[in-house]
Every structure is written in structure tokens, then in C-alpha cells.
Amino acid sequence: MRSAHYTDNVFINCPFDVAYKPLFDAMVFTVHDCGFIARCALEEEDASQVRIDKIYTIIAHCRYGIHDISRTELDENSGFPRFNMPLEFGVFLGAKKFGVAEQKRKKCLVLDKEPYRYQQFISDIAGQDIQAHNNDVETIVRVIRNWLRTASGRQTIPGGSIIWEHYQTFMRDLPQTTEELQLDAEDLIFNDYASVIARWLEKNNL
């Protein structure tokens with residue numbers, strides 16, 4: 001069944017750890033400021049549903065996907081790398097390749113922290129247009145904005161410098177905005193963070 005917001009939904013597939021959080025927060029804000037809706041595995045907490053089934057459902061409801069494959073380091077505890085990001089990227093590509101007509105119109109952005117680094121560990125995607133963010137927040141804002149503008153063709157999306165200014169102001173206003181919503185700025189779950197962004201954008205007529 002098609003989601004009512006299929007053409008606005010953007011699936012975000014990236015690390016969710018503390019080190020990546022500044023990039024993730026900026027990514028979610030940029031998606032919303034461009035007029036889209038950020039979706040990811042963190043939005044679902046139904047213990048009765050298998051995690052991969054949650055991923056299937058969210059991906060099916062998103063025309064666009066952002067996939068950061070930069071996290072290839074070995075886990076300090078297990079000694080193994082985490083393969084969740086490449087797996088979810090593969091599911092997205094599979095939906096585009098083998099899905100019904102609307103799924104075949106999916107578009108995705110693939111991110112890594114350095115240009116061409118991905119060729120050392122996932123060479124099968126060499127035909128994809130991989131963008132580097134250099135672990136820099138401003139860079140990831142601009143890269144995502146430019147991709148959404150090109151992929152969607154929407155002319156209402158603000159320029160990269162404007163969205164970057166919006167994000168810096170949003171972060172300065174975050175304590176006040178969360179207080180208005182009776183939330184803790186230091187302990188926001190994904191759905192709360194998305195609500196805070198929506199509140200701020202509405203309040204600022206953006």
C-alpha cells in the first residue's frame with residue numbers, strides 16, 4: 001500500500017551513534033527544511049515486529065533514500081564491522097530494481113567520508129555517484145540540499161547557504177523550542193526531534 005507521503009518521504013540510512021549525531025541531526029533538519037519528511041529505523045519501536053520488516057516497510061514508503069556507508073571501522077567490543085548500512089542500501093536498490101512502477105522511480109544519494117574510499121570495500125557500486133561529506137556538518141547540509149533539488153526538480157528549495165544559516169539559528173533556538181514543547185533538548189528521541197524541527201520551521205514561516 002502506497003504511503004500518502006511517498007513522494008515527500010526520504011529514508012535515512014546512516015550510523016546512529018554519538019560520534020555521528022552532529023551529522024545525523026543536520027541531515028534530518030536539511031531534509032525537512034527542503035520540504036521533505038525524514039524517515040528512518042529510529043521512528044519505530046514496536047517490539048512485536050522484526051527489525052528488518054520495519055526497514056522493508058519504511059523503504060517501501062519512501063521515494064528518496066540517503067545512504068551513508070562511511071562507517072567501516074571495527075566495533076571495539078566485537079572486533080567486527082557493522083553491516084547494517086550496506087544491507088539497508090541493498091534493500092533500497094532491490095526495491096528500485098524489482099518493485100512495482102512507483103518503486104522503480106526511487107532515487108538515492110550515497111555518502112562516504114572521503115572520495116573514492118568506498119572502492120576499497122564495496123566496489124560493486126562504482127557506477128553510483130558517491131558524494132563525500134568529510135565528516136563536516138556544513139558540507140553534509142549542502143550535499144543533501146543540492147541532491148534533493150536535483151533529484152526532485154523542485155524549485156522551491158532554498159539554497160545551500162540559506163539552509164545552513166537556518167540550521168545554525170535552529171541549533172541556537174533549540175533549548176527554547178524544546179522548552180515550549182516540554183521536551184528535554186539533551187534527550188530527544190527521533191520522533192521528538194522531527195517535531196521540534198517542524199515547530200521551529202512553522203514558527204519562522206519556513
Side-chain angles (χ1 to χ4, degrees), residues 3-68 70-71 82 84-85 88 109 111 133 135-145 147-148 154 156-206:
S3 168
H5 301 289
Y6 177 76
T7 57
D8 294 325
N9 286 342
V10 180
F11 176 63
I12 295 180
N13 169 25
C14 69
F16 295 135
D17 54 51
V18 174
Y20 193 87
K21 189 175 186 300
L23 296 175
F24 177 68
D25 288 349
M27 186 183 300
V28 175
F29 178 87
T30 302
V31 168
H32 283 271
D33 198 11
C34 287
F36 296 82
I37 302 170
R39 305 285 305 273
C40 75
L42 295 179
E43 71 186 52
E44 295 287 347
E45 296 186 0
D46 181 3
S48 68
Q49 187 179 17
V50 178
R51 177 183 170 86
I52 192 64
D53 288 333
K54 300 175 187 178
I55 301 298
Y56 292 155
T57 299
I58 296 171
I59 287 176
H61 290 169
C62 298
R63 182 179 183 190
Y64 303 99
I66 298 172
H67 305 269
D68 190 329
S70 62
R71 187 56 54 82
R82 293 184 62 83
N84 288 349
M85 278 72 73
E88 293 176 22
L109 169 67
L111 299 170
H133 55 63
N135 288 325
D136 179 69
V137 174
E138 181 176 357
T139 298
I140 209 166
V141 166
R142 293 177 180 273
V143 167
I144 290 173
R145 178 272 166 193
W147 173 71
L148 284 172
R154 299 183 187 182
T156 55
I157 297 176
S161 60
I162 300 299
I163 293 181
W164 174 239
E165 290 177 6
H166 289 173
Y167 182 62
Q168 293 178 92
T169 305
F170 165 77
M171 291 302 293
R172 288 195 294 269
D173 293 346
L174 185 60
Q176 179 182 342
T177 308
T178 52
E179 183 178 354
E180 292 172 358
L181 293 171
Q182 299 184 48
L183 297 169
D184 182 356
E186 301 300 322
D187 189 30
L188 291 173
I189 64 173
F190 174 77
N191 291 333
D192 286 339
Y193 182 60
S195 295
V196 170
I197 294 172
R199 172 66 173 267
W200 187 88
L201 291 172
E202 179 181 14
K203 184 177 180 180
N204 289 275
N205 298 312
L206 297 173

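What you are looking at is a predicted structure, and each value in this text was computed from that prediction instead of being measured.
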Under a 3.5 Å distance rule, please check whether Asn204 uses its side chain to pair with a backbone N or O of Trp200 as donor and acceptor. yes
Can you confirm whether more than 12 heavy atoms, excluding those of Gln168, are under 6.0 Å from its CD atom? yes
Please name all residues satisfying side chain to side chain contact (heavy atoms under 4.5 Å, CB included) with Asp184, sequence neighbours left out, ordered by chain then number. Glu186, Asp187
Closest approach of Ile140 to Tyr20 (non-hydrogen atoms, all atoms of both residues): CD1-OH, 3.9 Å
Are the side chains of Lys203 and Asp173 in touch, meaning some heavy atoms are under 4.5 Å apart? no
Specify the closest pair of heavy atoms between Pro175 and Ala185, including all atoms of both residues, with the distance to one decimal. CA-CB, 4.4 Å
Do the side chains of Ile163 and Cys34 get nearer than 4.5 Å, heavy atoms only? yes
Is Arg154 salt-bridged to Asp8, going by a charged N under 4.0 Å from an acidic O? yes
In this structure, CD1 of Ile144 is separated from CG of Leu111 (nearest 0.5 Å) by 6.0 Å
Between Leu23 and Val137, is there a side-chain heavy-atom distance shorter than 4.5 Å? yes
So do the side chains of Phe11 and Glu88 get within less than 4.5 Å of each other, counting heavy atoms only? yes
Please report the closest heavy-atom contact between Gly159 and Arg145, naming both atoms and the distance. CA-NE, 3.7 Å
Sub-4.5 Å side-chain heavy-atom contact between Asp68 and Phe24: no
What distance separates Ile37 CD1 from His61 NE2, expressed to the nearest 0.5 Å? 12.5 Å
Has Thr139 got a side-chain atom pairing as donor or acceptor with Asn135's backbone, closer than 3.5 angstrom? no
Would you check if Arg39 and His5 make a side-chain contact, meaning some heavy-atom pair closer than 4.5 Å? no
Taking atom OG1 of Thr169 and atom CG of Leu206, what is their separation to the nearest 0.5 Å? 9.0 Å
Ile162: partners by side chain to side chain contact (heavy atoms under 4.5 Å, CB included), with sequence neighbours left out: Pro158, Glu165, His166
Kindly give the heavy-atom pair with the smallest separation between Thr30 and Ala26, and that separation in Å. OG1-O, 2.8 Å
Is the closest side-chain heavy-atom distance between Asp33 and Phe170 below 4.5 Å? no
Let me confirm one number: the CG-CD1 distance from Asp192 to Ile197, rounded to the nearest 0.5 Å. 11.5 Å
Any chance you could lay out the side-chain contact (heavy atoms from CB on, under 4.5 Å) test for Ile55 and Asn84, step after step, and finish with the verdict? CA-CA 11 Å; Ile55 301 298; Asn84 288 349; over 6 Å; no
Drop me the distance from Phe29's CZ to Leu174's CG, to the nearest 0.5 angstrom. 10.5 Å
Kindly give the heavy-atom pair with the smallest separation between Ala38 and Val31, and that separation in Å. N-CG1, 3.6 Å
Between Gly160 and Val141, what is the shortest heavy-atom contact and its length? O-CG1, 4.4 Å
Please identify each residue that fulfils ring-ring contact (aromatic ring centres under 6.0 Å, His included) with Phe190, with sequence neighbours left out. none
State whether the side chain of Tyr193 and the backbone N or O of Asp25 hold a donor-acceptor pair below 3.5 Å, judged by distance alone. yes
Rounded distance [0.5 Å steps], NZ in Lys54 versus CD1 in Ile59: 14.0 Å
Spell out, as yes or no, whether a donor-acceptor pair under 3.5 Å connects the side chain of Glu202 to the backbone of Arg199. no
Look at the rings of Trp147 and Tyr64 and say which category their plane angle falls in: under 30° parallel, 30 to 60° tilted, over 60° perpendicular. perpendicular
